[in-house]
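Okay, structure first, notes after.
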Amino acid sequence: MDYQFKDIEQKWQQFWAQNGTFKAEDKSAKPKYYVLDMFPYPSGAGLHVGHPLGYIASDIFARYKRLKGFNVLHPMGYDSFGLPAEQYAIQTGQHPAITTDANIATYRRQLDQIGFSFDWSREVRTSSPDYYKWTQWIFMQLFNSWYNKDTDKAESIAKLVAHFEQKGSAGINAVCDEEVLSFTADEWKALGNREQQSELLKYRLTYLRESTVNWCPALGTVLANDEVKDGFSERGGYPVEQKKMMQWSMRITAYAERLLQGLDTIDWPEPLKEMQRNWIGKSTGASVKFPIEALPKPSPEGRAFEKQENQKVSPTGGDLEGARFIEVFTTRVDTIFGVTFLVIAPEHELVTALTTPEQKADIDAYITQTKKKSELDRMADAKTVSGAFTGSYVLNPLNNERIPIWIADYVLAGYGTGAVMAVPSGDQRDYLFAKHFNLPIVPIIDIQNIETEADPTKEGKYINSDFMNGLAYKEATAAVIAKLEAIGAGKAKVNFRMRDAIFGRQRYWGEPVPVYFKDGLPHLIEEQHLPLLLPEVDKYLPTETGEPPLGRAEGWKHPEGEYELSTMPGWAGSSWYWYRYMDAHNDAAFASKEAIAYWKDVDLYIGGSEHATGHLLYSRFWNKFLKDLDLVIEEEPFKKLINQGMIQGRSNFVYRLIKTKRFISYNKLKKLESYFPALLDTIFEDSEDTVKAIVSTFKLDYDREIYNIFKENSDLTDAGVWKFKGYQFTNVDVNIVNNDVLDIEKFKKWRPDFADAQFILENGKYICGHEVEKMSKSKFNVVNPDDIISRYGADTLRMYEMFLGPLEQSKPWNTNGIEGVFKFLRKFWRLFHNEAWEFSVSDAEPSKAELKSLHKIIRKVEEDVERFSFNTSVSSFMIAVNELTDLKCNNRAILQDMVIVLSSYAPHICEELWTLLGNPAGSLSYAPYPKFNSAYLVEDEFAYPISINGKTKMNLNISLSLEPKAIEEFVLANADVQRYLDGKAPKKVIVVKGRIVNMVV
RNA sequence: GCUCAGAUGGUGGAACUGGUAGACACGCAGGACUUAAAAUCCUGUUCCCGUAAACGGAGUGCGGGUUCGAUUCCCGCUCUGAGUACCA
């Protein structure tokens, strides 16, 4: 029989499903290997041809690892909470669970068609209660934990309470809120429960706080920083504004250093790690306290600086009560004698208190102006210098010099302390600011050149710097930090850009937070009441009073108080899901100790780089937290990670002459356009000869048809010249275009207004133009895997997606060329069949040439798969099959090994051939990968390229047993070589055995 | 602006540690089979000069360098894509 991919693929997909072929074993003598794909959000549009790219790669890898004797865990599931289903619910009233189920069914059908070796018995869905029960449970663990800086890990809140009871707040070194109380053990015990709980909330790893959030009015929810792009929501593109709200947050900043350090231990793409490093944004420098003038000056004992460690400038905000200094963060503390002004953010809490009556009008005007600017304007406006003087001064803690305090929006309230010491000689922004407002610029390094711009050099010796004069950068920095520490005015400090992550959405379709409120304070629900089920609501909209949709749910109340109304964000469920696959049906734990001890971590994780600062960072954070609680084993969850490139769309265009039904073929249009310089505004009626002459002056071939098209579609203007009316281009459905050739009949049926279209063809065809664009419905360039599979089959799709190019590279999808892969599979099939398409293999001894082809591919696939170079394997398969076809090979021993080697790429056809060869059905997936034997590749001769001055001139067959000296003699003795040398003796002969001979003349 | 990745025929791409640039495939051209078309098969296909071949020259974004030899290493530049954006 000819290659009947439809029957074969259906048959084997059914077989695998019915026999649980790809079930991973929970206990096994084999080594484990965990291959994971980033699980999809099941969107209504289903899969397009770009989505499975990574899944195909991971599937090939998983199948290969099974052949190599590993117990492979290769699961799939759905990140099924999310906005689109909810938006749909708002529009139609259909429960998002119903939408989600329907979408999942589509995804599952599409995934099954591609022949993935997923262990579906472990499927997870983040929106399913038996899954989100454990998301809620992990939330509870975070609530019950705090971060101990001394042990550098998360610990139980109970332990913190015990410490408070025994020793008070002394000796606690925690990552916590800025304004924590200090108290003795007795003071703690004297506090009421409410006060105690309120204080503990400042330590918990998930906590409530009033924070500035990205509020998206159109979506009615808060968005995470990574969900906002250029001031608009990533999903939907709605405007986002800043708003203060009481919010659940995750204290991810506690893990900043570990998240950064961990990057050095994992095998991830460098750009991805770089993105995370930038996001974490560690900078090393110093914090310096500048005393505010008119308050007690700093005494040598540093009395003015007795303050609680984590305290910000002023907790009170309004007046200067207790605030005796402004703290800044700087990475160039060595430049402190160059400070000529201080700048604080317009939102800084001390602004009002610091503003003198004379400056009030200025400052108020500036703040109003700043508030009006949206985030976007502020970014676009980066180059304009603006600011206002408060009228107040601080003193330089080292020399008591008066330093004016300004406000300006280039200082961000959210970074560092919201205040900077401005050193205009060394910092370009400060320089521009100083120039603009006529503030002094003091050079502090001898070689500094500050004529036209700031010079941030660290070379040279310090000047104008008191005790630092004459020192170099390193000593100066050490000296100034020592001095600041001695007087209590500053210390070395590390600062992170990363903020705590907001953990709440004012939406319906997410995990309920397992918390109720009593007396305004949050309390966890009892663990035995998990999962806290998502209640039914009448509408998926906020309540009339602006509360989240859960505010509509009837009876949504804990006996002790009100439930939380916001739900968890999208990243909650995806931050631990790889553990659930290890033990997907456990209802006593998120995964059993044994399962975690066996599977440990993900060995290979494949997915898109768009998750760099979202999912992949949050997952690492939760993983580290779970590790601190000894619930998991590894510090990092994903040992090796590969980003698959994005598949872009390739659009096709047709070109219609304006006001006609005529479509002009692409190359004719190009030719017409190339005539424009000659034709436009120059020609008069019936002057073809003139045109011919003009066209030839442009060095173009004259074409009468093009001339006529031009004339037919031009108006004769009053000036007596022809004016071309132009053309329109329209996206045409790529599915009715083949190799850029338009299927005219399908095109006429495609849209009613094209039914009577006419065509200006080239060589009898209509050629379309093309361009790379995003794959989207509106551009008619979406290619559906279902269509490809029905035309060529899943095996062809799998191989073609790999054949397209390196996995990591982004590339446009172009179905041109898929025939080549299909032909290859058919050719492979034919090796096993005779002329009459009857299965026929021989049991003869394989020939040397056959063995060589086989062993070349055995090794090549091993090498390629191990380094994720799937595209080169496909080419090598083609070469192998071409060679075996030329050898007329139908040898059982050879072909059986070929089947195993190819089976991870094209599993269906291989399963079929495997059983035709007489092997038990289904045993292919666990067959041993053939052992490579280098003996079959040994050559006794090599066609040495003979080059002269590095240019190859000819090849000579020389025995590989010859040593360089003998090779040289052999080559020089050759008559053709002598002809090239033209009788001269070469100056030098380089011989690399088995590689090349090069002669220098 | 900064950081990272990339640039090879008409197209997708190969060349893994410096050693025959363009494997493999698409497309295109020519041919076989066919009444014809599709399908299939065969041949050619980097560019330039040349009727074809032989032969010769150029050639991996651009300009230099190291080397017997550079797509590969070094320096400078151009362009494309991604991320980030006043981070003190």
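All values derive from a computational prediction rather than experimental measurement. Both backbone and side-chain heavy atoms feed into the values below; hydrogens, waters and symmetry mates do not. Just so it is clear: chains get the letters A, B, ... in the order the sequence lines come, proteins before strands, and each one is counted from 1.
Using a 4.0 Å cut-off between charged side-chain N and carboxylate O, Arg277(A) and Asp264(A) make a salt bridge. Contact check on Arg826(A) versus Asp2(A) returns a salt bridge, with a Lys/Arg side-chain nitrogen under 4.0 Å from an Asp/Glu carboxylate oxygen.
Nearest-nucleotide positions on RNA chain B place Arg650(A) closer to the 5' end than the other of Arg650(A) and Val874(A). Of the two residues near RNA chain B, Arg497(A) and Ser869(A), the one whose nearest nucleotide lies more 5' is Ser869(A).
Atoms CD1 (Ile857(A)) and P (A23(B)) sit 17 Å apart, rounded to a whole Å. Distance CD (Gln809(A)) to C1' (G13(B)): 9 Å, rounded to an integer number of Å. Distance Ile879(A) CD1 to A15(B) P: 11 Å, rounded to the nearest Å. To the nearest angstrom, P of U84(B) lies 12 Å from CD of Glu610(A). Counting to the nearest Å, the P atom of A82(B) and the CG atom of Asn278(A) are 17 Å from each other. We find that CG of Leu432(A) is positioned 17 Å from P of A88(B), with the value rounded to whole Å. What separates CG of Asn871(A) from C1' of A23(B) is a distance of 12 Å, to the nearest Å. Taking atom CE of Met275(A) as the reference point, atom C1' of A82(B) lies 7 Å away to the nearest angstrom.
No side-chain donor-acceptor contact under 3.5 Å links Asn738(A) and Asp743(A). Residues Ser283(A) and Asn495(A) bring no donor and acceptor atom of their side chains to less than 3.5 Å of each other.
Heavy-atom contacts from other residues, nucleotides or ligands closer than 6.0 Å to CD of Glu835(A) number 12 or fewer.
Within 4.0 Å (heavy atoms only), Thr952(A) reaches sugar-phosphate atoms of the nucleic acid but no base atom. Using a 4.0 Å heavy-atom distance criterion, Pro806(A) is classed as a sugar-phosphate-only contact. Counting any heavy atom pair closer than 4.0 Å across all strands shown, Lys987(A) reaches no nucleic acid atom. Looking at heavy-atom distances under 4.0 Å, Lys860(A) makes contact with a base. Backbone-only engagement by Lys765(A) is indicated by non-hydrogen atom pairs under 4.0 Å involving sugar-phosphate atoms exclusively. Residue contacts shown for Phe803(A) include a base, since a base heavy atom lies under 4.0 Å away. Arg867(A) comes within contact range of at least one nucleobase, with a heavy-atom separation under 4.0 Å. Backbone-only contact: Val1000(A) has heavy atoms under 4.0 Å from sugar-phosphate atoms and none from a base. If you check every strand for non-hydrogen atoms under 4.0 Å, Asn882(A) touches sugar and phosphate atoms only.
The separation of C2(B) from G10(B), taken at their C1' atoms, amounts to 38 Å, rounded to a whole angstrom. Rounded to the nearest Å, the gap between the P atom of U11(B) and that of C28(B) is 15 Å. Comparing the same atom, P, in G22(B) and in A70(B) gives a spacing of 16 Å after rounding to whole Å. Across the P atoms, G30(B) and A37(B) are found 13 Å apart, a figure rounded to whole Å. To the nearest whole angstrom, the two P atoms, one in G19(B) and one in G12(B), are 25 Å apart. Rounded to a whole angstrom, the distance from the P atom of G81(B) to that of G76(B) is 24 Å. Taking the C1' atom of each, C47(B) and U8(B) are spaced 14 Å apart, rounded to whole Å. For the C1' atom pair drawn from G59(B) and A25(B), the interatomic distance equals 23 Å after rounding to whole Å.
Nearest to the side-chain atoms of Thr872(A) among the listed nucleotides A88(B), U20(B), A15(B) stands A15(B). Of the listed nucleotides (A25(B), A88(B), G13(B)), A88(B) has the atom at the smallest distance from the side chain of Val411(A). When distances are taken from the side chain of Pro271(A) to each of G13(B), U20(B), A5(B), the shortest belongs to A5(B). When distances run from any side-chain atom of Arg429(A) to the nucleotides C87(B), G57(B), U20(B), the shortest one goes to C87(B). Among the nucleotides U3(B), C26(B), U20(B), the one closest to any side-chain atom of Asn816(A) is C26(B).
Under a 3.5 Å cut-off, the side chain of Asp334(A) and the backbone N or O of Tyr473(A) do not form any donor-acceptor pair. A donor-acceptor pair under 3.5 Å links the side-chain atoms of Ser665(A) to the main chain of Ile767(A), judged by distance alone.
A perpendicular orientation is assigned to the rings of Phe942(A) and Tyr944(A), their planes being inclined by more than 60° (bins at 30° and 60°).
Considering only residues two or more places apart in sequence or on other chains, Asn278(A) meets the side-chain contact (heavy atoms from CB on, under 4.5 Å) condition with Glu274(A).
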Check: In dot-bracket notation, what is the pairing pattern of RNA chain B, taking Watson-Crick (N1-N3 plus N6-O4 or O6-N4) and G-U wobble (N1-O2 and O6-N3) contacts under 3.5 Å, with [ ] crossing and | for other strands?
Finding: (((((((..(((......[....)))((((((.......))))))(((.......)))..(((((..]....))))))))))))....
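Considering only side-chain N and O atoms, Lys282(A) lies nowhere under 4.0 angstrom from the phosphate OP1 or OP2 of C87(B). Checking the phosphate oxygens (OP1, OP2) of C68(B), no side-chain nitrogen or oxygen of Ser947(A) falls inside 4.0 Å.
One donor-acceptor pair, N or O on each side, does fall under 3.5 Å between the base of C68(B) and the side chain of Asn998(A).
Residues Phe341(A) and Phe437(A) keep their aromatic ring centres 6.0 Å or farther apart.
G69(B): glycosidic angle beyond 90° from 0, hence anti.
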